[in-house]
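A, B, ... follow the sequence lines: proteins, then strands. Residue 1 opens every chain. Basis for what follows: all heavy atoms, side chains included, without hydrogens, waters or symmetry-related copies.
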Protein chains: 2
Amino acid sequence: MLKPEILDPQGQAVQRALPRLGFDGISDVRQGKRFELEVDGPVDEAALARIHDLAESFLANTVIEDFTIRVEEVAEAAK
Amino acid sequence: MLKPEILDPQGQAVQRALPRLGFDGISDVRQGKRFELEVDGPVDEAALARIHDLAESFLANTVIEDFTIRVEEVAEAAK
């Protein structure tokens, strides 16, 4: 996501459009990117550290963007 | 996120670049969008239902995209 101090014109455009579309009560909208990585093997400390590096160096532009990493289990059946 | 059956060239490009950049063990990358909405008042069932409608009708293109909604508390101090 863009850092809080960085202007987000896309998010603002969405926010301004909402009352017109009948949706009130949303005080702020910010738009960002999301990457889903599928990891081979266990997602242990080492894997998470590598993914943190990867996100920091290639996926996010850390001059203007923050990022968070979240681990989600994939159901065995869906693999 | 793009539905699993929809081709994601951006994600594929990232995935193909990773080994070259020294990151192995990532079997799939998909790229999507993320919106952070700040809601006035309590995020109750009714508010969530409205946000679901909003996401379905305006934020996502449900022909090619899936979406999930997640509620996050904002720390009082950060408000």
Most contact-rich option vs chain B, by heavy-atom pairs under 4.5 angstrom, among A/S27, A/P4, A/A17, is A/S27
- Item | Linked, directly or transitively: A/L21 and B/L48 (ILVMFWY side chains, under 4.5 Å) | yes
Report task. Spell out, yes or no, whether A/I64 and A/V29 are grouped together once hydrophobic residues are joined by side-chain heavy atoms under 4.5 Å, including indirect joins. Result -> no
Checking heavy-atom separations under 4.5 Å from chain B, one finds in residues 5-16 of chain A A/V14
Here the gap from B/E36 atom CD to A/I26 atom CD1, rounded to the nearest 0.5 Å, amounts to 12.5 Å
Of A/L37, A/V39, A/L18, the largest count of non-hydrogen pairs under 4.5 angstrom with chain B goes to A/L37
Worksheet entry | In one Ile/Leu/Val/Met/Phe/Trp/Tyr side-chain cluster, 4.5 Å: A/F35, B/F67 | no
Original post:
According to a 4.5 Å side-chain heavy-atom criterion applied to Ile, Leu, Val, Met, Phe, Trp and Tyr, with indirect links allowed, do A/I69 and A/M1 form part of one hydrophobic cluster?
Top reply: no
Of B/K33, B/R34, B/R30, the largest count of non-hydrogen pairs under 4.5 angstrom with chain A goes to B/R34
Residues of residues 51-60 of chain A with a heavy atom under 4.5 Å from any heavy atom of chain B, in residue-number order, are A/I51, A/D53, A/L54, A/S57, A/F58, A/L59
Taken to the nearest 0.5 Å, the spacing of B/K3 NZ from B/D66 CG works out to 5.5 Å
Here the pair of heavy atoms bringing B/P42 nearest to B/A47 is O-CB, 3.8 Å
Rounded to the nearest 0.5 Å, the CG atom of B/D24 sits from the CZ atom of A/R50 at a distance of 7.0 Å
